[in-house]
Enquirer: 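The structure follows.
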Amino acid sequence: MSKKYDTPLLDELEKGPWPSFVTEMKKAAARSEMANDELGQLEKSYRTKRGYWKHGGIVGVLGYGGGVIGRYSSLPDEFPGVAHFHTVRINQPSGWFYTTKALREICDIWDKYGSGLTNLHGSTGDLVLLGTTTENLEPLFAEYSSRGWDLGGSGSAMRTPSCCIGPARCEWANIDTLEICYQMTQKFQDELHRPAFPYKFKIKVAGCAVDCVASIARADCSIIGTWKGKIEIDQDAVQWYAKNGMDIKAEIVDMCPTACISYDGTNLSIDDDNCSRCMHCISKMTKALKPTGEKGATILIGSKAPIVVGSLMSWVIVPFMKLEPPYDELEELIRKMIEWWDDNAKPRERIGELIEARGMREFLEAIGVPPQPQQVFEPRKDPFFFWKDEDLTKE
Amino acid sequence: MPHIEFQGKQIEVDDDGYIVNLDDWSPELAEHLASQDGITLTDAHWEVINFLRDYYQKYQIAPMIKILVKEIGKAMGPEKGNTKYLYELYPAGPAKQACRYAGLPKPTGCV
């Protein structure tokens with residue numbers, strides 16, 4: 001396809017040493033009329049400072065209520081290639097591991113039915129395919145599903161669970177994030193494909209508190225690996241770091257959020273009872289420090305981006321849960337959370353907002369988890385948990 | 001705006017095929033829209049459509065799926081009070097198909 005539009009404003013975004021989505025779109029535009037018109041419409045948007053996408057329509061594939069997000073141009077006559085430009089979410093494999101063969105297969109099918117533009121990966125975690133028409137949805141879905149792929153979640157539904165690369169590449173993973181993510185995806189298939197929730201619900205699984213999937217900020221239910229034992233210290237390795245330029249006091253001791261580390265110039269010691277397992281010291285001194293003892297996960301709830309009310313970070317609900325196949329305890333807990341939320345939430349109210357509105361006590365009673373000190377969200381502020389009168393009578 | 005022709009009348013619809021003027025709706029139009037998707041409306045289908053229309057007339061908004069599922073469960077038996085059953089009746093989904101046949105405006109869901 002020949003060049004159709006002059007794009008002086010978009011061209012600016014190709015300057016500099018960074019990768020540019022404009023360059024990639026131009027490559028796609030050489031082969032696809034849809035990508036070509038998308039470039040034209042985007043340039044016009046930049047010029048006129050307004051968007052030309054209409055509110056998402058309702059499109060999808062038979063049997064599913066989600067996975068496809070309708071996009072229509074409000075200038076279909078000017079840019080016929082993007083008159084329909086629906087987004088398709090493909091459920092990514094746990095940890096985003098693909099073979100090159102699989103990626104080629106995905107792209108080949110996409111070239112056949114869509115614009116060729118992709119987004120690996122969207123902030124939901126899904127593999128995102130950008131731009132196809134309503135007529136192409138069914139054949140596209142048939143072809144992807146015949147190769148073993150499935151659509152991801154969208155709308156007011158369970159969103160595609162996602163996880164960090166976990167034990168596949170990282171020795172600090174306390175849980176098998178990949179397996180947990182896969183199992184949760186399988187267990188919640190109905191909720192994922194047939195939206196019936198008040199709003200979205202996201203699960204993200206991180207192997208440790210470094211939290212490479214940002215689960216604490218971006219998942220309604222954050223599952224973060226942790227451990228029960230002490231942090232094992234190799235003092236020789238500590239000295240190695242000191243000799244190689246690390247300022248242990250400034251970089252480790254003073255950065256510990258619970259001030260539980262001390263260092264006398266030769267020996268590092270950690271007061272494990274006061275350690276919050278934040279991973280800071282371990283990730284700075286990987287050769288010297290190592291978690292030991294029982295491994296499991298902390299289950300947190302509530303984070304969301306700032307739509308409706310302000311953004312929230314997840315807070316602790318279950319301080320420690322042993323996570324082993326078949327993960328029934330985790331599934332049961334999530335189902336109880338969802339049930340309470342589903343019964344009580346207004347449309348478009350996230351579970352974190354509902355807990356803020358109703359209080360922790362009601363939430364904890366509904367899911368059958370006892371109140372514990374670790375659940376305190378903001379210490380020394382207004383109490384997040386309100387006791388009942390009968391709780392206060394002396395035994 | 002696109003149109004569809006029905007019983008000699010031009011009926012205005014939006015890009016997704018939802019009728020624009022709710023007064024244009026009639027049971028025959030519902031049958032017509034369904035037949036275009038290859039669906040013959042049975043009593044079970046009408047149970048959903050009637051509930052949607054009653055609810056809309058009362059509250060001026062389409063019900064949440066959860067409410068629809070519960071009501072259908074009450075009317076048709078608990079084994080049918082789930083989203084799977086709704087998708088068996090309306091394979092493209094209750095919002096996309098049932099609301100459209102019922103003449104409700106397009107539900108504005110989040111992506």
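Per chain, numbering begins at 1; letters A, B, ... match sequence-line order. The figures that follow rest on heavy atoms only: side chains count, while hydrogens, waters and symmetry mates do not.
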Enquirer: Show the nearest heavy-atom pair for residues T83(B) and A196(A), with the distance to one decimal.
Expert: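 So the two residues come closest at CG2-CB, 3.6 Å.
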Enquirer: Start with the C-alpha distance between Y72(A) and D16(B), add both sets of side-chain angles, then the distance that settles side chain to side chain contact (heavy atoms under 4.5 Å, CB included), and finish with yes or no.
Expert: CA-CA 10 Å; Y72(A) 296 100; D16(B) 291 308; 2.7 Å; yes
Enquirer: Provide the closest heavy-atom pair for M64(B) versus P198(A) in the form atom of the first, atom of the second, distance.
Expert: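 Distance-wise, the nearest heavy atoms are CE-CA, 3.8 Å.
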Enquirer: Near Y182(A) OH, under 6.0 Å, is it more than 12 heavy atoms from other residues, nucleotides or ligands?
Expert: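 Not buried by this count: 12 neighbours or fewer within 6.0 Å.
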Enquirer: Should we say atom CG of D43(B) is surrounded by more than 12 heavy atoms from elsewhere, each under 6.0 Å from it?
Expert: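 For D43(B), atom CG is not crowded (no more than 12 foreign heavy atoms under 6.0 Å).
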Enquirer: Specify the closest pair of heavy atoms between G63(A) and Y87(B), including all atoms of both residues, with the distance to one decimal.
Expert: O-CD2, 3.5 Å
Enquirer: At what distance, to the nearest 0.5 angstrom, does CG of L86(B) lie from CZ of R194(A)?
Expert: 10.5 Å
Enquirer: Counting only heavy atoms not in E339(A), do more than 12 fall under 6.0 Å of its CD?
Expert: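 Open: at most 12 neighbouring heavy atoms sit under 6.0 Å from CD of E339(A).
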Enquirer: Should we say atom CG of L22(B) is surrounded by more than 12 heavy atoms from elsewhere, each under 6.0 Å from it?
Expert: yes
Enquirer: Please report the interatomic distance OH(Y90(B)) to CG(L62(A)), rounded to the nearest 0.5 Å.
Expert: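 Rounded to the nearest 0.5 Å, the OH-CG separation comes out at 14.5 Å.
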